[in-house]
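Reading through the structure tokens given below for one structure.
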Amino acid sequence: MLTRKQHELICFINDRLEASGVSPSFEEMKEALDLKSKSGVHRLISALEERKFIRRLPNRARALEVLRMPERPEAARKAPAAPPAPGNVRNLPEPANDVIEIPLHGRIAAGVPIEAFEGHSMLAVPAALLGSGEHYALEVSGDSMVDAGILDGDYALIRRAETARDGEIIVALIDDSEATLKYYRREGAMIRLDPANRAYDPQRYAPDQVRVQGKLAGLLRRYD
């Protein structure tokens, strides 16, 4: 049996993966479960990992895979539990081996804004990392998103979009000249761009100063 919080967390992770294909950040999990700190999220994830409900995917930041789901309460009332599959692992689709080339638009700051990206080369990306829509990649520069698992030198895979909801990680173009990767928040009449590192302060702008250029869809990391 899982605790109530463990059950809530795995359901939240699974629902997010099914909706977007991207694991939620630790900050999003903390807010969804109304926890006081991300250390509580770490403990819940470790417990789920030890019990073989989830696993962390190697070489991918903030990437989790749901191996099996506990029975949801509404399902338990409707039908008896089915016998577990061998190894208690869900039947998951085979990973796609196709590779897609998407535009690589230079470097983007994860610390403070830098000049907006210009020009591009191409980056080969496994198709399994991308969902529907048009995508491009940016090389991350800086450490202000480390608590979201986004590190200096990572390649952020961005799905083009012009709008965003509170809590989503976006590429924001500021004053049509500078781009940055941050959490998007509405704060009264202002737009607040939040880092994921306590060493950095939020940035606040008037709505006409900020244009959403896309949403984070995935990450690639290279190891030398």
Side-chain angles (χ1 to χ4, degrees), residues 20 22-31 37-39 41-42 56-64 102-126 129-130 134-187 190-207 209-224:
S20 67
V22 181
S23 304
S25 69
F26 278 74
E27 181 67 25
E28 290 169 331
M29 287 186 268
K30 179 177 76 73
E31 291 184 0
S37 71
K38 280 179 279 193
S39 62
V41 176
H42 281 282
R56 303 175 204 246
L57 297 179
N59 304 331
R60 289 175 58 188
R62 69 173 255 201
L64 299 171
I102 62 176
L104 173 60
H105 293 292
R107 291 172 68 83
I108 185 171
V112 295
I114 58 174
E115 289 186 2
F117 40 82
E118 294 180 358
H120 66 262
S121 55
M122 302 299 288
L123 180 68
V125 177
L129 296 183
L130 303 176
E134 184 181 356
H135 294 77
Y136 60 91
L138 295 167
E139 185 179 358
V140 175
S141 173
D143 63 355
S144 81
M145 297 299 288
V146 293
D147 287 345
I150 304 171
L151 309 183
D152 184 65
D154 284 351
Y155 291 97
L157 309 179
I158 307 299
R159 181 183 298 112
R160 290 190 183 275
E162 296 180 355
T163 60
R165 294 179 297 180
D166 273 15
E168 293 183 316
I169 297 176
I170 67 160
V171 174
L173 188 64
I174 301 167
D175 294 328
D176 288 326
S177 63
E178 298 175 323
T180 190
L181 188 69
K182 293 287 183 297
Y183 282 109
Y184 175 90
R185 310 277 186 192
R186 281 278 185 177
E187 188 177 66
M190 303 293 286
I191 300 295
R192 193 181 81 220
L193 302 178
D194 286 346
N197 183 335
R198 292 183 180 179
Y200 293 86
D201 294 325
Q203 303 163 10
R204 293 174 174 82
Y205 299 96
Q209 291 182 275
V210 178
R211 284 201 294 135
V212 176
Q213 299 284 278
K215 304 177 185 180
L216 183 68
L219 287 171
L220 279 180
R221 180 170 301 158
R222 290 179 178 172
Y223 293 89
D224 298 326

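Worth knowing before you read on, the calculation uses all heavy atoms, side chains too, and leaves out hydrogens, waters and symmetry mates. This chain uses plain numbering: 1 for the first residue, then up along the sequence.
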Excluding sequence neighbours, so at least two apart, what forms salt bridge (charged side-chain N to carboxylate O under 4.0 Å, His left out) with [X]?
| X | answer |
| --- | --- |
| Glu187 | Arg192, Arg204 |
| Arg211 | Asp176 |
| Asp152 | Arg107 |
| Asp166 | none |

* Main-chain N/O of Leu64 paired to Ser23 side chain as donor or acceptor, under 3.5 Å ->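 Such a contact is found between Ser23 side chain and Leu64 backbone.
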
* So, does Glu31 use its side chain to make a donor-acceptor pair with the main chain of Glu28 at under 3.5 Å? ->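 No.
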
* Establish, for the pair Arg198 and Tyr200, whether the NZ or CZ atom is under 6.0 angstrom from the six-membered ring centre and no further than 45 degrees off its axis. =>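 No, Arg198 does not lie over the aromatic ring of Tyr200.
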
Below 4.5 Å, heavy atoms only, C-beta onward: do [X] and [Y] meet side chain to side chain?
| X | Y | result |
| --- | --- | --- |
| Met145 | Val140 | no |
| His105 | Ser121 | no |
| Val125 | Leu220 | yes |

* **side-chain contact (heavy atoms from CB on, under 4.5 Å) between Tyr184 and Val171, intermediate numbers included** => CA-CA 9 Å; Tyr184 175 90; Val171 174; over 6 Å; no

* Yes or no on side-chain contact (heavy atoms from CB on, under 4.5 Å) for Leu216 and Glu168, after CA distance, side-chain angles and deciding distance? -> CA-CA 8 Å; Leu216 183 68; Glu168 293 183 316; over 6 Å; no

Spatial distance of atom [atom1] ([X]) from atom [atom2] ([Y]) [nearest 0.5 Å]:
| X | Y | atom1 | atom2 | value |
| --- | --- | --- | --- | --- |
| Leu181 | Ile158 | CG | CD1 | 5.5 Å |
| His42 | Phe26 | NE2 | CZ | 4.5 Å |
| Ile170 | Lys182 | CD1 | NZ | 10.0 Å |
| Ile102 | Met122 | CD1 | CE | 8.0 Å |
| Thr180 | Ile108 | OG1 | CD1 | 6.0 Å |
| Glu178 | Gln203 | CD | CD | 9.0 Å |

* Intermediate values then yes/no, side-chain contact (heavy atoms from CB on, under 4.5 Å), Val146 and Leu151 -> CA-CA 5 Å; Val146 293; Leu151 309 183; 3.9 Å; yes

* Only counting residues at least two apart or in another chain, list the ones meeting side-chain contact (heavy atoms from CB on, under 4.5 Å) with Ala217. =>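 side-chain contact (heavy atoms from CB on, under 4.5 Å) check on Ala217 returns His135, Arg159.
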
* Lys30: partners by side-chain hydrogen bond (donor to acceptor under 3.5 Å, both in side chains), with sequence neighbours left out ->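 Residues passing side-chain hydrogen bond (donor to acceptor under 3.5 Å, both in side chains) with Lys30: none at all.
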
* Asked: Which residues pass the side-chain hydrogen bond (donor to acceptor under 3.5 Å, both in side chains) test with Asp175, sequence neighbours left out?
  ->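 Applying side-chain hydrogen bond (donor to acceptor under 3.5 Å, both in side chains) to Asp175 gives Gln209.
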
Specify the closest pair of heavy atoms between [X] and [Y], including all atoms of both residues, with the distance to one decimal.
| X | Y | result |
| --- | --- | --- |
| Ser25 | Ala148 | CB-CB, 4.5 Å |
| Met190 | Ala206 | CE-N, 3.6 Å |
| Gly149 | Asp154 | O-OD2, 3.8 Å |
| Ala196 | Tyr183 | CB-CE1, 3.8 Å |
| Gln213 | Leu173 | CG-CB, 3.6 Å |

* Where do Leu193 and Arg185 land on the side-chain contact (heavy atoms from CB on, under 4.5 Å) test, with the steps shown first? -> CA-CA 6 Å; Leu193 302 178; Arg185 310 277 186 192; over 6 Å; no

* Asked: Pick one: which of Leu219, Asn197, Asp143 meets side-chain contact (heavy atoms from CB on, under 4.5 Å) with Ile150?
  ->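 Option passing the side-chain contact (heavy atoms from CB on, under 4.5 Å) with Ile150: Leu219.
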
